[in-house]
Amino acid sequence: MFVLSNETAWCPGCGNFGILESLKNALESLNLEPHRVVISSGIGQAAKTPHYISVNMFNGLHGRSIPAGIAIKLANKALTVIVESGDGCSYGEGGNHFIHAIRRNLDITHIVHNNQIYGLTKGQASPTTARMQKTELQFDGVLIQPMNPISLAIGMGAGFVARSFSGDKTHLSAVIAQAISFKGYALVDILQPCPSFNRINTFKWYKDRIYYLSEDYDPSDILQARAKAEEWGERIPIGIIYRSEKPEYISENPVVRDNPPLVDLPLSPAHAQKFMDDFR
Amino acid sequence: MFVLSNETAWCPGCGNFGILESLKNALESLNLEPHRVVISSGIGQAAKTPHYISVNMFNGLHGRSIPAGIAIKLANKALTVIVESGDGCSYGEGGNHFIHAIRRNLDITHIVHNNQIYGLTKGQASPTTARMQKTELQFDGVLIQPMNPISLAIGMGAGFVARSFSGDKTHLSAVIAQAISFKGYALVDILQPCPSFNRINTFKWYKDRIYYLSEDYDPSDILQARAKAEEWGERIPIGIIYRSEKPEYISENPVVRDNPPLVDLPLSPAHAQKFMDDFR
Amino acid sequence: MDYNILLGGAAGQGVETMGHILAKTLKKLGFYVFLHRDYMSRIRGGHNFVQIRFSNQPIFAHADDLTVIIALNLETASLHYARLVEQSRIIAVEDGDKINTGYGSKIITLPIKQIVQKTGNRRVSGTAAVACALRLFNMPLAPLLEQLKDFFSEEVLLANKTAAEEGYTAAQPLFASNLPNPWENIFINGNEAIAMGALAAGCRFYAGYPMTPSTSIITYLSKKSRQATILVEQAEDEIAVINMALGASFAGLRAMVGSSGGGFSLMVEGVSLAGMTETPVVIVVSQRPGPATGFPTRTEQGELGFVIHSGHGEFPRMVIALRHPEDAFCQTVRAFNIAEKYQVPVFLLTDQYLADYTMTIKPFDFSSISIDRHFSYDAPIEQYLRYKLTESGISPRIIPGKIPGQLVYLDSDEHDEAGHITESAAVRKAMVDKRLKKGEALRSELVEPEYIGSENPEVLLIAWGSTYGPVKESVLLLNARSLPLGALIFGDIWPLPTKELVRLAQNARKIVNLEQNATGQLAALVRQQAMITCHHSLLKYDGRQWSKDEIVDRIMKEVW
Amino acid sequence: MDYNILLGGAAGQGVETMGHILAKTLKKLGFYVFLHRDYMSRIRGGHNFVQIRFSNQPIFAHADDLTVIIALNLETASLHYARLVEQSRIIAVEDGDKINTGYGSKIITLPIKQIVQKTGNRRVSGTAAVACALRLFNMPLAPLLEQLKDFFSEEVLLANKTAAEEGYTAAQPLFASNLPNPWENIFINGNEAIAMGALAAGCRFYAGYPMTPSTSIITYLSKKSRQATILVEQAEDEIAVINMALGASFAGLRAMVGSSGGGFSLMVEGVSLAGMTETPVVIVVSQRPGPATGFPTRTEQGELGFVIHSGHGEFPRMVIALRHPEDAFCQTVRAFNIAEKYQVPVFLLTDQYLADYTMTIKPFDFSSISIDRHFSYDAPIEQYLRYKLTESGISPRIIPGKIPGQLVYLDSDEHDEAGHITESAAVRKAMVDKRLKKGEALRSELVEPEYIGSENPEVLLIAWGSTYGPVKESVLLLNARSLPLGALIFGDIWPLPTKELVRLAQNARKIVNLEQNATGQLAALVRQQAMITCHHSLLKYDGRQWSKDEIVDRIMKEVW
Ligand SMILES: Cc1ncc(C[n+]2csc(CCOP(=O)(O)OP(=O)(O)O)c2C)c(N)n1
Ligand SMILES: Cc1ncc(C[n+]2csc(CCOP(=O)(O)OP(=O)(O)O)c2C)c(N)n1
Ligand code: SF4
Ligand code: SF4
Ligand SMILES: [Mg+2]
Ligand SMILES: [Mg+2]
């Protein structure tokens with residue numbers, strides 16, 4: 001169903017390949033139709049993803065994948081909308097949209113290829129680059145603390161917060177599928193090696209540290225989730241860290257809720273004529 | 001020392017008056033000199049504050065008080081820099097600067113007049129307006145969840161996170177003074193009635209709900225702090241909710257750390273001549 | 001007859017409300033009414049006022065000369081006293097003792113203490129004053145009492161009615177008023193007219209972030225959102241606003257945004273995105289004096305050059321300057337049709353004056369409106385190419401999600417016909433040519449500026465947008481004095497239609513640009529696009545709108 | 001002699017490194033060297049190349065004709081084969097079998113298998129090829145071996161040296177090269193020159209957010225930040241970038257920012273803030289083809305109109321188009337002085353071509369630089385007024401925190417002399433006049449465009465910025481053919497200096513604008529500011545820089 005392109009602009013060994021394939025698996029496992037799926041992406045290496053898979057694409061501006069994605073979903077609630085971009089795009093330039101998208105809790109899936117670096121612009125620190133890591137711009141190392149998107153999302157009240165790893169396609173496919181199925185804003189932060197520019201957080205670095213949340217981990221337990229969210233360093237949990245149903249935006253907004261998809265409504269100037277009475 | 005203006009553009013009964021006075025008290029209690037204090041503010045009713053007190057002022061753009069404030073401090077570390085603005089300015093338009101300022105942990109004090117509404121533009125929802133509250137724009141009530149700036153700040157790793165109330169000047173003055181004394185980014189979120197546009201969160205509404213953190217509350221206990229941060233509704237804790245020393249930016253950045261205030265350095269073109277060797 | 005009442009006081013004293021009550025009363029009586037707002041950027045205190053001009057003949061702008069001042073505080077009287085005409089009155093609601101004796105017999109002091117005592121309400125003085133004004137013009141009280149019902153809740157209605165009756169008896173008729181012939185009209189301001197235009201055009205998505213003087217557009221639309229099925233979103237910032245609109249438009253909705261200069265500044269990267277991705281969008285830029293925060297509640301035409309050049313890179317766009325409320329309605333509808341036909345951003349330039357003045361006009365004509373969406377999903381599609389190269393430069397547009405097997409790829413990078421990133425020099429060139437071709441085609445839509453004045457003007461004024469009303473009236477006044485003058489007032493302004501301009505310029509002795517800014521942006525545009533240099537500039541940039549009187553004055557002094 | 005070597009391959013194959021090694025080797029030999037980059041927006045794969053032109057006479061641009069192609073992959077040879085001149089060679093590092101036999105005797109296939117075997121390193125083929133090229137030009141190997149030390153770590157140095165020796169023996173001298181007279185020079189690109197200018201001018205604060213082609217400025221400055229005591233901040237977004245710079249400037253530092261069109265779009269509200277608050281700042285706009293993301297790694301002059309009009313409201317600014325690396329250095333220093341003298345934003349317009357090409361030039365002259373900060377804290381101050389109305393429009397500026405009792409109030413609202421919010425029409429007018437007066441005064445700083453060519457040109461080319469090199473060379477070429485032509489190349493471009501233009505235009509038969517964009521933005525500006533219409537436009541907008549050969553060609557075809 002979902003066809004992948006043979007040609008990408010990615011480097012050999014890049015984690016993006018695993019994410020692309022897992023996305024395809026997830027979409028297929030959910031039996032979605034390509035023309036009813038839209039990916040809104042920004043600019044960066046991660047943001048090129050929708051070019052390589054057969055779904056609709058809004059490949060907009062760096063940092064702005066979220067607002068476009070939100071509006072696409074609002075305009076046509078029959079579509080499955082995925083917002084997909086890099087850590088720089090999602091948490092740096094797009095940080096304000098990120099936090100406010102969580103508040104809105106619209107039914108979109110936010111996939112972040114978190115390689116802890118700016119890939120496309122050749123290796124500057126991203127908001128998730130580790131303290132003191134040297135980069136192509138921070139020659140003496142990064143001086144500010146990295147953002148923990150998992151705790152931020154949980155702190156802001158997100159209903160679905162997951163972390164996965166590009167190196168485990170089975171896990172990642174399943175997490176993405178669940179995120180898409182979740183009714184509300186769902187964050188999937190994906191550990192993704194960038195062999196070209198991040199020589200610290202390599203495949204092996206991640207592989208050595210990740211562990212899977214146990215079967216009996218209860219993602220609806222907020223206290224446990226907060227504690228898990230803080231785990232980073234020697235051991236990094238992957239899986240659905242927090243999950244709870246919250247009022248989803250479409251089910252709250254009468255204009256979208258009580259109508260067919262807005263794109264399906266016919267337009268007629270005469271409909272507006274009645275409002276003229278306001279000015280008489 | 002710090003002179004207040006007799007004339008303001010605020011409404012009678014506004015919480016801003018209490019904040020202005022408390023700020024003055026705090027500055028005086030710290031024995032600061034007016035010309036060595038700078039307030040960077042945005043646009044809004046809160047953001048007019050520095051016009052009414054005798055300190056240096058950078059009254060910039062809506063939402064942008066933080067980056068200007070950061071740079072002022074970096075340029076002249078001898079100054080006391082306060083960033084002061086409204087909830088809309090700080091958490092809405094300026095949301096991205098807010099989260100990244102926390103990461104940076106520069107020694108500035110961020111005072112937010114949180115009236116849970118956009119005052120100057122006449123009563124639209126701010127990021128902290130309650131769910132289902134009706135406003136001058138959200139006629140059917142606000143549909144998205146309010147932001148909890150306290151949990152967000154703690155989740156992002158802020159070192160000093162406090163809440164106070166414009167109606168208790170003693171408490172507020174003390175909190176502001178402590179925030180200014182704190183070495184690092186310090187957030188003071190102030191509950192502030194806006195009698196003109198927020199008819200829900202009135203003086204009485206706040207007064208009825210606030211309670212003071214007890215003497216034995218340990219603000220360095222992150223777990224407790226996270227729990228306190230979530231308290232909102234019937235009972236609202238005020239005081240220093242979280243406090244812990246983290247590496248402050250200036251002490252990490254050799255350019256600022258190892259030099260006198262940068263404004264004090266003499267300039268000479270000849271200093272740069274040595275870099276010509278890079279191109280030979 | 002042509003009268004002008006100023007009603008002023010501090011913010012929070014009910015200037016707005018009382019002004020609208022008075023204006024609506026006059027409207028109901030059948031007058032042509034023009035209400036102009038002057039307010040400060042604060043919620044309480046300061047000095048705000050409205051001016052209500054009315055006549056039994058059509059009027060198009062506010063005026064400077066005052067017939068009556070309704071002074072809700074003393075400051076109002078002293079600030080505006082100088083503008084009173086010979087036969088005129090000040091209606092004051094403060095204690096008589098405090099009032100400047102210099103006003104002499106012009107002053108009417110209402111017995112406010114008694115009225116407050118009688119009504120038990122301290123906030124009714126404005127109502128009493130308005131009623132008093134009606135009496136001065138020898139008009140009936142009943143229509144006012146009727147209006148009060150629309151504005152006041154049950155609780156305070158009676159008190160206001162009583163106050164009106166008291167105020168009405170506090171003066172004697174002084175000015176002659178012939179009641180006009182009844183005509184069907186609406187009383188609407190520029191922002192409401194834009195909002196109505198959007199609803200008529202089938203706009204289903206409006207995103208905004210509050211910013212004076214654009215806010216009342218989103219406010220009105222939000223009020224109607226359920227009834228009109230239009231999604232109205234207040235976003236976290238203006239960057240989200242424009243990117244949301246583009247997302248909605250991509251998905252198939254007619255989408256619109258609005259802000260003023262500062263908020264629009266944050267949108268210009270999105271404007272460029274609209275240009276590159278060929279996504280239709282209508283953008284209202286409601287001007288106020290800049291730079292930066294500037295004069296939030298005042299007026300200026302400072303963004304013409306900025307809007308025409310906004311956004312990085314080169315791409316076609318259309319800019320329409322709105323001239324009056326009826327124009328605002330029609331052009332808004334047209335903007336949506338043009339945006340979708342050419343798949344370009346279309347700008348509506350308005351300003352605080354037009355946003356906020358309210359006037360009586362004929363109800364809008366809905367029967368003549370057509371909605372042309374220019375979707376091509378009826379045509380059989382082989383492989384859909386979002387950016388297919390065509391003769392006209394316009395590629396077929398489909399709604400994503402509607403046709404199994406067909407995908408829409410929208411791309412902000414330079415792209416090939418399918419919408420995929422390219423590095424090819426040839427493809428780049430083809431795509432630039434394609435986009436610019438649309439700009440050429442768009443010229444066929446241009447409407448020439450409206451001309452008002454003598455057939456062979458010796459002096460040709462050129463103006464644009466909201467100065468329409470004052471300029472029109474001043475031209476009529478000067479023509480009445482037999483001065484051979486005319487004014488071309490631009491609505492469509494980018495691309496600039498130049499035919500009429502070139503024709504009239506040929507025989508004009510003097511060409512004068514009249515603008516509400518300090519640098520003469522229209523004059524610069526006309527130099528650039530028509531190679532015509534204005535001989536004189538009339539510029540005003542103190543945040544207060546040109547009035548007809550000021551225009552006449554300065555033309556007589558500087559031009560003639 | 002004037003030779004041109006192209007070295008190409010996929011991203012990640014070391015095209016950049018090998019290109020620089022070769023260029024630096026030639027530089028050390030005393031040649032005039034010009035290295036031009038052409039690369040894709042990707043990290044691995046695709047096709048990237050550099051062209052290294054060298055001569056024993058001064059050169060100012062890249063060229064199209066190729067003497068040698070060094071093909072790190074097969075694609076390189078096939079893509080550029082057509083541009084080879086008659087006597088020329090392709091140095092290929094792939095297996096001989098796979099190579100197009102059509103290349104005939106032009107091909108030199110290096111024995112890469114053996115070299116790899118011998119060195120035990122698979123990545124040395126580029127070094128072998130470069131050495132082979134040197135041999136073709138009959139140059140010594142030693143300077144290359146010297147260069148290798150600067151670029152390779154100990155571990156791989158030996159392997160590369162061995163490879164160089166092997167490559168050197170793989171060919172015989174073919175082209176005549178006269179070693180030039182030694183001259184003192186530096187090898188620097190436009191962005192490095194800007195960075196050096198900033199350091200020389202005493203810039204102490206640079207904020208940025210990575211964006212091609214501006215990134216190398218922040219990268220260089222960051223490398224030097226400790227040594228030069230300049231604070232270099234990567235911010236969360238471009239909005240923070242500009243607001244940080246203004247904060248730093250307010251506090252008393254010289255501050256600079258840089259981005260390309262998209263990132264700059266996000267700064268324009270801040271530009272307006274600089275205008276209103278009269279805060280000096282230097283803004284580098286490094287152009288790339290737009291709109292939106294466009295062509296990230298390619299070149300265009302698309303932002304002239306945008307930058308001139310960027311930001312809402314009206315305020316003075318200066319825009320300088322950089323023409324070549326030496327100009328970049330000098331103008332950057334000048335920009336800081338002018339920004340502080342007039343308290344305005346000053347823009348430096350550059351583009352990917354100039355940002356990325358590296359050429360040999362004389363070392364910068366530091367002795368002639370002066371830093372003029374125009375602070376007035378020496379003067380006795382009664383009550384400090386940040387926006388004091390003065391004859392020139394320029395108010396005294398002090399550093400906050402330095403003078404007890406004196407406070408600095410900076411305000412983005414319209415303000416009075418002290419910096420407090422005003423609602424007054426009169427104050428507004430005075431403040432607008434004050435700001436615009438500075439714009440008038442600034443005109444005295446203008447430098448006329450550089451003129452190159454015949455004394456009485458029949459054809460007058462006008463151009464701006466980075467086309468300087470190609471235009472200069474093409475004019476010299478055409479003049480050598482006795483064609484009476486000249487080119488006026490603008491550096492200062494807003495306000496536009498028009499004296500020379502008007503003078504030369506008078507007698508020119510044809511005026512032709514030559515630009516790296518699709519709409520002719522300079523031509524539009526010249527129409528507007530000098531009332532001069534160009535007769536013909538030479539426009540290029542495929543993302544690749546005009547070359548001298550292309551210019552000559554199109555002038556002969558279209559203009560003559
Ligand atoms: C407004 C703007 N600023 C900067 C850029 C340049 N830019 C493109 S991609 C990128 C960083 C990408 O990093 P990330 O989002 O982490 O993606 P990655 O390449 O690592 O997958 C930047 C800064 C841009 N395109 N637009
Ligand atoms: C870029 C921009 N967008 C919008 C505005 C309009 N605006 C001014 S103040 C304000 C909201 C103020 O709310 P808040 O920050 O909560 O301050 P308050 O007035 O409530 O104290 C807005 C939206 C602006 N000045 N600039
Ligand atoms: S630069 Fe990094 S993220 Fe980008 S494709 Fe290469 S390895 Fe992947
Ligand atoms: S509008 Fe609200 S916040 Fe602003 S001054 Fe009035 S009461 Fe205070
Ligand atoms: Mg990344
Ligand atoms: Mg507020």
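The figures here come from the full heavy-atom set of this structure, side chains too, leaving out hydrogens, waters and symmetry mates. Labels below follow one simple rule: chain letters A, B, ... track the order of the sequence lines, proteins then strands, and each chain is numbered from 1.
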[X], part contacting chain D, at a heavy-atom distance under 4.5 Å:
X: Leu539(C); answer: neither
X: Ser310(C); answer: backbone
X: Leu273(C); answer: both
X: Ser424(C); answer: backbone

Can you name the nearest heavy-atom pair linking [X] to [Y], along with the distance?
X: Thr422(D); Y: Phe295(C); result: O-CE1, 3.2 Å
X: Thr293(D); Y: Ser412(C); result: OG1-OG, 2.6 Å
X: Ala518(C); Y: Val432(D); result: CB-CG1, 3.5 Å
X: Gly290(C); Y: Arg435(D); result: O-NH2, 4.3 Å
X: Asp542(C); Y: Ala425(D); result: CB-O, 3.5 Å

Quick one: are [X] and [Y] in side-chain contact, heavy atoms under 4.5 Å?
X: His312(D); Y: Arg288(C); result: no
X: Pro289(C); Y: Glu414(D); result: no
X: Ile308(D); Y: His309(C); result: no

Donor-acceptor pair, distance only, cut-off 3.5 Å: does the side chain of [X] make one with the backbone of [Y]?
X: Glu314(C); Y: Pro291(D); answer: no
X: Arg527(D); Y: Met531(C); answer: no
X: Glu423(D); Y: Ser41(C); answer: yes

(request) Please determine, among Gln529(C), Glu300(C), His415(C), Met431(C), the option with the most heavy-atom pairs under 4.5 Å with chain D. (result)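 It is Glu300(C).
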(message) I'd like to verify something: which residue of Gly262(C), Gly543(C), Gly302(C) has the highest number of heavy-atom pairs under 4.5 Å with chain D?
(response)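 Most heavy-atom pairs under 4.5 Å with chain D: Gly262(C).
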(request) Hey, could you give me the CE/CD distance between Met267(C) and Glu269(D), rounded to the nearest 0.5 Å? (result)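 One finds 11.0 Å between CE of Met267(C) and CD of Glu269(D).
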(message) Under 4.5 Å from any heavy atom of chain C, what part of Gln287(D) do you find: side chain, backbone, both or neither?
(response)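 No part of it gets close to chain C.
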(message) If I measure from the heavy atoms of chain C, does Asp411(D) come under 4.5 Å with its side chain, its backbone, both, or neither?
(response)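 Nothing of Asp411(D), per the 4.5 Å heavy-atom cut-off to chain C.
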